[in-house]
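Chain naming here is simple, since letters A, B, ... match the order of the sequence lines and numbering starts at 1 in each.
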Number of protein chains: 2
Amino acid sequence: MANDKKLVKSITSRDEDFAQWFTDICLKAELVDYSTVKGFMFVRPYGYAIWENIQKCLDRRFKATGHVNMALPLLIPESLLQKEKDHVEGFAPEVAWIDFGGKEKLEERMCVRPTSEVLFCDHWKNILQSYRQLPFLYNQWCSVVRWEKTTRPFLRGREFWWNEGHTLHETAEQAKAETLQQLETYADFLETELMVPVIRGQKTESEKFAGAEATYTVEAMMHDGKALQSGTSHYFGDGFTKAFDITFADRNNGISHPFQTSWGMSTRVIGALIMCHGDDEGLVLPPAVAPYQLVIIPVAQHKEGVLEKANELKERLEKLYRIKLDDSENSPGWKFSEYEMKGVPVRLEIGPKDIEKNQCVLVRRDTREKLFVSLDNLEEELANLYKSLEQDLYNRAKENLVTRTVELEKMEEIITQADKNDGFIKSHWCGSAECEQAMKDQAGLSSRCMPFGEQGTKGVCPVCGKETETVVVWGKAY
Amino acid sequence: MANDKKLVKSITSRDEDFAQWFTDICLKAELVDYSTVKGFMFVRPYGYAIWENIQKCLDRRFKATGHVNMALPLLIPESLLQKEKDHVEGFAPEVAWIDFGGKEKLEERMCVRPTSEVLFCDHWKNILQSYRQLPFLYNQWCSVVRWEKTTRPFLRGREFWWNEGHTLHETAEQAKAETLQQLETYADFLETELMVPVIRGQKTESEKFAGAEATYTVEAMMHDGKALQSGTSHYFGDGFTKAFDITFADRNNGISHPFQTSWGMSTRVIGALIMCHGDDEGLVLPPAVAPYQLVIIPVAQHKEGVLEKANELKERLEKLYRIKLDDSENSPGWKFSEYEMKGVPVRLEIGPKDIEKNQCVLVRRDTREKLFVSLDNLEEELANLYKSLEQDLYNRAKENLVTRTVELEKMEEIITQADKNDGFIKSHWCGSAECEQAMKDQAGLSSRCMPFGEQGTKGVCPVCGKETETVVVWGKAY
C-alpha cells in the first residue's frame, strides 16, 4: 500500500497547479521523456502508441475520401522557401538552418521543413500537365521543426509529429470545398473518437497561416478554460501556384493555375486529450485511441485457477479490444493506480470469489464506478460500458465548454471576466487588426476564431464601438 | 495502339543498359520524382504505398516479438554524437550540420540524425534503474540523413526511410540472440514476402557499423549479378553503455552495464525488389507488398453489363485482395501496359464474351501467361495463381543467385572472373584488412559477408596464401 500512495501522491492536483499537473501526467504516464536535446522530446512507447492509434483513425478517414500518402524531402533550399513571399516571412524566423553537409560548406543553405507547401509545389510543377490529373489529394505523415523559444511536451516543441495534407484542384470552388471537408474530418474525429467537443470557425486575418487566403480551425477548450487549437485547414487560392508557375491544360483548351489547400493535425491533440479528460488520478483515454482499452488484473493470482481464468478472458476478449493482462508480481492496488495513471478506460478484476460466482468486476476509469458483471454477458456489458463512458467524456467536456463560454458586449465586462475566469468570451468585432490587438493588450485575449453559423447578427465592436456583423470567440490559448 | 507502343518503348531494356532501365522504372512506374533538393527524392504515392506495405509486414513481425515503437528527436547535439569514439568517426564526415535556429546562432551545432544510437542511449540513461525493466525492445520508423556524394533513387540518397530497432539487455548472450533473431526476421521477410533469396552472414571488421562489435547482414543478388545489402543487425556489447555511463541494479545486488543491439531495413529494399524481379515491361511486384494485388480491366466497357460485372467482381474479391478497377477511358491495351509497368501481380480481364461464358481472363505479370477461369472458381484459382507466382519469383531469383556464385581459390582466376562476369565469388580469406583491400584494388570486389554455415573448412587466402578457415563472399555492390 505504501507504493500505491506514493504513486497517487506523486502528481500535483489540477486545482493546485494545472501546468504542473499536466507535466506530471506526461512523465508519470510515461508519455514522454525530456531530452538533453533542448526543446525536443522523446515520445515514449505508451505515448507513441496513442499517436499510432490517432494516425490509424485519421489515415482511414483520409483514404476513404481518396487521399494518398507520399514522402517528401526533409530539407528545403533557401531559394525554394523564398518563392512565396508571405510564406517565407512567416516561417523564416523560426526554421533550423543547415550550413554544412559533412565537411563541405553548402553553396546554398537549407532549412529543416517547418511545413511542406513549397516542396509539394516543386513536385506538382514537375508532374502536372492536364486537368484530367486533378485533383491531387496527397498527405504526408512526418515530423517538422520550428525553433520555438519556450517549449512544453505536446503543446509546443521544436519538433512535432503531424499529418500534412496538400491538395491541388481545378477550380477555387473545389479547393474551398476540400478545405472545409477536411476541417470537418478533424472536427468529427475529435468529437466522435477523441470525445473532445470543438468550435469550428475561421481564423482572423492576423491569425491565419503564412501564405493562406483563409485558415479554418477547430478550437477545443481545456479543463482550465484555456483554448487549444486542435487542427487547421487552409485555402491558398492560386497564390503559391502562381509564384511557382504551376499550370495545366484546362477544359477550355487554355492554360490555368490550379487552386491549393493544406491541412494538419499534430501530436498537440495528445495535449488536448490530457487536458480535456484527465483528472487527479492521471490520464483518462477515450477507447478509440487508448493503447489498451481494457486491463485485466487478476486478484490473488497465486490461487488456483485465477491466472487461467484471466488468460481465458483475455483470449476471449482480444478479438474485440486491445487488452493488457498484468500478471506481474506487483500488488493489485499498485496495478490499479498504475493503469489509472495511464488512463486505461476500463479495468477488469477477477479473483477466486468472482470465479465462484461466474462474475468479474468492471471499473470505469472516469467515474471509478464498480460493476459486478456475469461472465455470460461480458461482451454486451463491455460494449455498453464503453458507449456510456465515451458519451460521458464528451458530455463533461461539452458542459465545461458551454458553462465557460460567455457572451459579452462591453469592454469593461470583457476585461473583468478575462481577469477573473479563463474561458471563451464571445463578442462582436469590427474586423480591424487594431481592435484585435487592443483585446490582447487590455484583456490578454487572442481571437480563437469567427465561429461558423454565428455570423450575421448585428452588434458593436467592444473596442471601437463600430457596428458589425462579425462575431469572434476570444480566449487564452496554449 | 500508338499509346501502348510509346509506353512500352519508353523504357530501356535491361540488357542494353541496366542502370538506365532501373531509373526508367523508378520514374515511369511513378515510384519517385527527382527533386530540386539535390540528392533527395520525393517518394510518390505508388512508391510510398509499397513502403507502407513493407512497414506493415515488418511492424507486425517486430510487435509479435515484443518490440514497441517510439519517436526520438530529429537532431543530435555535436557533444552527444561524440560520446562514442568509433561511432562519431564513422558518421561525423557524412552528417548535415545545423548552425542557426531562426536568427539565433546555436551555442552548440547539431546534426540531423544519421542513425539514433546516441539518442537511445541518452534516453536509456534517464529511465533505466533495475534489471526488472530489461530488456528494452524499441523501434523507430523515420527518415535519416547522410550526406552522400553520388545518389540514386532508393539505392543511395541523402535521405532514406527505415526502421531502426534499438534494444538493451541484461546479458551479452541475450543481446547476441536478439541481434541474430532480428537478422533472421529480415531474412525471412525478404525470402517469404518479398521473394528475394539472401545470403546471411557476418560483415568483416572493415565493413561493420561504426561502433559495433559485430555486424550481421543479409545480402541479395540483383538480376545483373551485383549485390545489395538488404538489412543489417548490430551487436554493440557494452561499448556505448559504458561511454554513456548507463547502469542498472543487477540480480546480484551489483551495478552493471547493459548490452545493446540495433538493426535496420530501409527503402533500399524497394531497389532490391525492382532489380531482383523487374523485367523489360517494368516492375514486377510480389503480392505481399503490391499496392494493388489485382487490377480489373473491363474490355468493351461501354457494352451493357460489363462495368456492372467488373464492379461485382471487385466487391466480391476485395475482401481478400487489394484491388484496382480501372474503368477510365483509356484503351484496354494502354491499361495493360500501364499496370505491367507498375508491376501489378495479376490482371483480370472481363468482357462481354467472358460474361456469356461465365469466365474471366487472368494474366500473370511475371510470365504474362493467360488463364481462362470460370467465375465459379475464381477465389481458388487466384489463390493458386498467387502461390505459384510467388514461388516462381523466388525460384528465378534463387537460380540467378546460385548460377552467378562461383567458388574460386586462385587470385588470377578471381580477377579474370570478376572482370568478365558480375556475381558472387566465394573464397577463403586470411582475415587481414590488407588482403581485403588487395581484393578491392586488384579485382574490384568488396567483401559482402562471411556466410553462416560455411565457415571452418580449411583453405588458403588467395591474396597472401596464408592458411585459414574463414570463407568470404565477394562481390560488386550497390
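- Atom CZ of B/Arg132 and atom CG of A/Asn330 lie 9.0 Å apart (nearest 0.5 Å).
- The CZ atom of B/Arg44 lies 4.0 Å from the CD1 atom of A/Ile127; values are rounded to the nearest 0.5 Å.
- Heavy atoms closer than 4.5 Å to chain A are found in the side chain of B/Val112, but not in its backbone.
- When heavy atoms are compared at a cutoff of 4.5 Å, A/Lys63 approaches chain B solely by way of its side chain, counted from C-beta outward.
- Taking the side chain as every heavy atom from C-beta outward, B/Asp122 and A/Phe42 approach each other to under 4.5 Å.
- For B/Glu159, the part sitting under 4.5 Å from any heavy atom of chain A is the side chain, from C-beta outward, and nothing else.
- In this structure, chain A has a heavy atom under 4.5 Å from the backbone of B/Val95, while its side chain stays farther away.
- Heavy-atom pairs under 4.5 Å with chain B were tallied for A/Ile76, A/Leu74, A/Asn126; the largest tally goes to A/Leu74.
- The parts of A/Leu119 that come within reach of chain B are both its backbone and its side chain, each placing non-hydrogen atoms under 4.5 angstrom from that chain.
- For A/Leu75, the parts lying near chain B are the backbone and the side chain together; criterion is any non-hydrogen pair under 4.5 Å.
- At a 4.5 Å heavy-atom cutoff, B/Trp51 makes no contact with chain A through either its backbone or its side chain.
- With respect to chain A, the highest number of heavy-atom pairs below 4.5 Å among B/His123, B/Arg158, B/Glu94, B/Lys38 belongs to B/His123.
- No part of A/Glu108 comes within reach of chain B, as not one of its non-hydrogen atoms sits under 4.5 angstrom from that chain.
- With a 4.5 Å cut-off on non-hydrogen atoms, A/Ala71 touches chain B through its backbone and its side chain both.
- Between B/Pro45 and A/Asn69, every side-chain heavy-atom pair lies at or beyond the 4.5 Å cut-off.
- With rounding to the nearest 0.5 Å, the separation of CE in A/Met70 from CG in B/Asp33 is 7.5 Å.
- Summarising the local packing, OH of B/Tyr48 is surrounded by more than 12 heavy atoms from other residues, nucleotides or ligands at distances under 6.0 Å.
- Rounding to the nearest 0.5 angstrom, the gap separating the CG atom in B/Leu106 from the CH2 atom in A/Trp97 is 13.0 Å.
- Chosen from A/Pro73, A/Gly102, A/Ala96, the residue pairing most often with chain B at heavy-atom distances under 4.5 Å is A/Pro73.
- Only the side chain of A/Trp147 comes within less than 4.5 Å of a heavy atom of chain B; its backbone N, CA, C and O stay farther away.
- Taking B/Arg146, B/Gln140, B/Arg109, B/Met41 one by one and counting their heavy-atom pairs under 4.5 Å with chain A, the maximum is reached by B/Met41.
- Rounding to the nearest 0.5 Å places OG of A/Ser143 at 11.0 Å from CG of B/Leu72.
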Pair B/Glu104-A/Lys149, salt bridge (Lys or Arg N to Asp or Glu O under 4.0 Å): steps then yes or no: CA-CA 11 Å; B/Glu104 170 200 339; A/Lys149 297 227 181 288; 3.6 Å; yes
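- Between the CD1 atom in A/Ile98 and the CG atom in B/Asp99 there is a gap of 9.0 Å [rounded to 0.5 Å].
- No part of B/Tyr46 comes within reach of chain A, as not one of its non-hydrogen atoms sits under 4.5 angstrom from that chain.
- Heavy-atom neighbours of A/Tyr339 OH from other residues, nucleotides or ligands within 6.0 Å: above the threshold of 12.
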